[in-house]
2 protein chains.
Amino acid sequence: MAVTIELLKRFSMLSALPDSTLEQLAQQSTLKNVSRRAVVVNGGAVSENLCFLFEGRLQGVDFTLDGREVGLYFIEPGDFCGELGLFDQQGQPESVIALSKSQVIFMPASAVRSALQSSHQLVESLFTRMATRVRKLSAQRALLGLSSTVARVCGQLWMMLEEQDPNNRKDGVIANPPTHQELGIMLNLSRETVTRVFQTLQAEAIVKRDGTTRLLILNEQGLKGLFEAGDS
Amino acid sequence: MAVTIELLKRFSMLSALPDSTLEQLAQQSTLKNVSRRAVVVNGGAVSENLCFLFEGRLQGVDFTLDGREVGLYFIEPGDFCGELGLFDQQGQPESVIALSKSQVIFMPASAVRSALQSSHQLVESLFTRMATRVRKLSAQRALLGLSSTVARVCGQLWMMLEEQDPNNRKDGVIANPPTHQELGIMLNLSRETVTRVFQTLQAEAIVKRDGTTRLLILNEQGLKGLFEAGDS
DNA sequence: TGTTATGTGTGATTGCAATCACTTCTGTTT
DNA sequence: AAACAGAAGTGATTGCAATCACACATAACA
């Protein structure tokens, strides 16, 4: 499926580029519909593409040496992945998997390198985005330092809410929420434990499931309070 | 203390820069001796400097909302930190602390930005280094997915060994090893649990303490085996 | 519409590591 | 050399979440 300049402008990192650069990137990119559970980036392999998520939800998943799945990060619409190997030809250990039906733009790394050569502004944008990514990884890791399972789940939901697009954020909606299992591997919790925390949160009218494609945060202050309480 | 071109060349990211660029960077940089427990980068604040570690050991430390210390990463000699805010003027949540007496070169971010403008090679080096950092953060996080405390500690020691300079690596030496407490906060373990694991490893002649500045890895295969065994 | 697969929910059991309090050892300072 | 501070070591107790097995609900597919 063809990629247009307008489509690429939806991504904040690309939006400030001149149309001529966007046109070149668009011509070399492909928009694909990927189904739930599809592998978007293969772990371990060098990725030839950057993957921009237009709609859906992706998750970076690694495996420990004892075979456990470890969730490293989620990718929300408007974000991308696959950029680590841009200059060092090395891949990333984790796979990136679609958690729900998604639309992904695959953009060749070579095209991005060319654009970087001619646009210092893109260099700064990419670097800034990498910095944001490092901060998010650190915040994600800090969640694991919480000893309370309720605090950990609430912290994850809070982080996901903060990363929703402005409309969903305003309405307290998390689009395409991950399953309990997918949340569990982010937080080193079994899916039963995540289920039990959700039971508590729903009983207290803090969250409410709205079908499988939306999770409603009914009480943001309550959620944040449980996150900040830590060991209550 | 004055910084020389030769000193800066010890850092792989800077070594390929032309002497004229290195001279400019050197003139604006400062080498400081910092004592154990000194704060090298203040968490939350925008850092005006990049901090290059010449000798010693640094640790990035954050706090969870319930007040627990969380260790995010170690910094070995030859590496640096403080670069996240280069272009977005935002800081990092974690503080960077010296774990042992260290020598750190403070290099103004403004000087690095200037160098980046004129050196695409430095852009690539910095980006590649950020990618490496993301991979390390992911690997660090994956350690927390191991359910066995022995595997987790052994994994941490293995990662630290791999990051030693070639001489120490060859000899199976970890220089300036962190305390059990400092290791514990990296791995979400209490310092008592880390001590008990070390007891086991020393009893099995896998590791041996050589004073406070060196930890000897006597049996690398044994260490790696315990790491890879996961849930033994 | 019925069947199948996936996700959520539930209850019981058990093991492991956090916690606490304390002692011993080692390095630093006076 | 003695005193002090910090780090390592030790033992007992207890709580919490992983694990397991299973049932129920919901979504997807034929």
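Chain A is the first sequence line, chain B the second, and so forth, proteins listed ahead of strands; every chain is numbered from 1.
- Residues forming a side chain to side chain contact (heavy atoms under 4.5 Å, CB included) with B/N219 (at least two apart in sequence, or on another chain): B/I206, B/Q221.
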Please output the side-chain donor-acceptor pairs of residues 92-100 of chain A that fall under 3.5 Å, not counting sequence neighbours, one pair per line with the distance.
| unit_1 | atom_1 | unit_2 | atom_2 | d |
| --- | --- | --- | --- | --- |
| A/Q92 | NE2 | A/E94 | O | 3.4 |
| A/E94 | OE2 | A/Y73 | OH | 2.5 |
| A/S95 | OG | A/G43 | N | 3.1 |

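- C/dG7 atom P lies 14 Å from atom CG of A/N176, rounded to whole Å.
- Atom pair B/L189:CG and C/dT19:P shows a separation of 11 Å (rounding to whole Å applied).
- For B/R196 against D/dG11, a side-chain-to-base donor-acceptor contact under 3.5 Å is present.
- Residues B/E220 and B/K170 are not paired through a salt bridge, judged by the lack of any N-O separation under 4.0 Å between the basic side chain and the carboxylate.
- Between A/R36 and A/E182 there is a salt bridge, with a side-chain nitrogen of the basic residue lying less than 4.0 Å from a carboxylate oxygen of the acidic one.
- Phosphate proximity of D/dA7 to B/Q181: absent, as no side-chain N or O sits under 4.0 Å from OP1 or OP2.
- Partners of A/K136 under the salt bridge (Lys or Arg N to Asp or Glu O under 4.0 Å) rule, at least two apart in sequence or in another chain, are A/E163.
- Take the nearest nucleotide of DNA chain D for B/Q199 and for B/E182: the residue whose nucleotide is more 5' is B/E182.
- Computed from C1' positions of five pairs at each end, the angle between the two local axes of the helix from C/dT1-D/dA30 to C/dT30-D/dA1 equals 60°, rounded to 10 degrees.
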Dump every N/O contact between nucleotides 23-26 of chain D and the protein below 3.5 Å, one line per pair.
none

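- Checking the phosphate oxygens (OP1, OP2) of D/dT10, no side-chain nitrogen or oxygen of B/T195 falls inside 4.0 Å.
- Of the candidate nucleotides C/dG9, C/dG7, C/dA17, C/dG7 has the atom lying nearest to any side-chain atom of A/R37.
- The base of C/dG7 is not paired with the side chain of A/R209 by any donor and acceptor separated by under 3.5 Å.
- Between B/S190 and C/dT19 there is no side-chain N or O to OP1 or OP2 distance below 4.0 Å.
- Within the structure, every side-chain polar atom (N or O) of B/R152 is placed at least 4.0 Å from both OP1 and OP2 of C/dA17.
- Counting to the nearest Å, the C1' atom of C/dG7 and the CG atom of A/L183 are 13 Å from each other.
- In this entry the distance linking CG of A/L146 with P of C/dA18 reads 15 Å, nearest Å.
- A/E55 and A/K101 are not joined by a salt bridge, as no carboxylate oxygen comes within less than 4.0 angstrom of a charged side-chain nitrogen.
- As a whole-Å value, the separation of B/E192 CD from C/dT24 C1' is 15 Å.
- No side-chain donor from either of A/S15 and A/S12 sits under 3.5 Å from a side-chain acceptor of the other.
- Not counting sequence neighbours, the partners of A/Q156 by the side chain to side chain donor-acceptor pair (under 3.5 Å) test are A/Q140.
- For B/R129 and B/D79, the salt-bridge test passes: some basic side-chain N is under 4.0 Å from an acidic carboxylate O.
- The phosphate of D/dA18 has neither OP1 nor OP2 within less than 4.0 Å of any side-chain N or O from A/R68.
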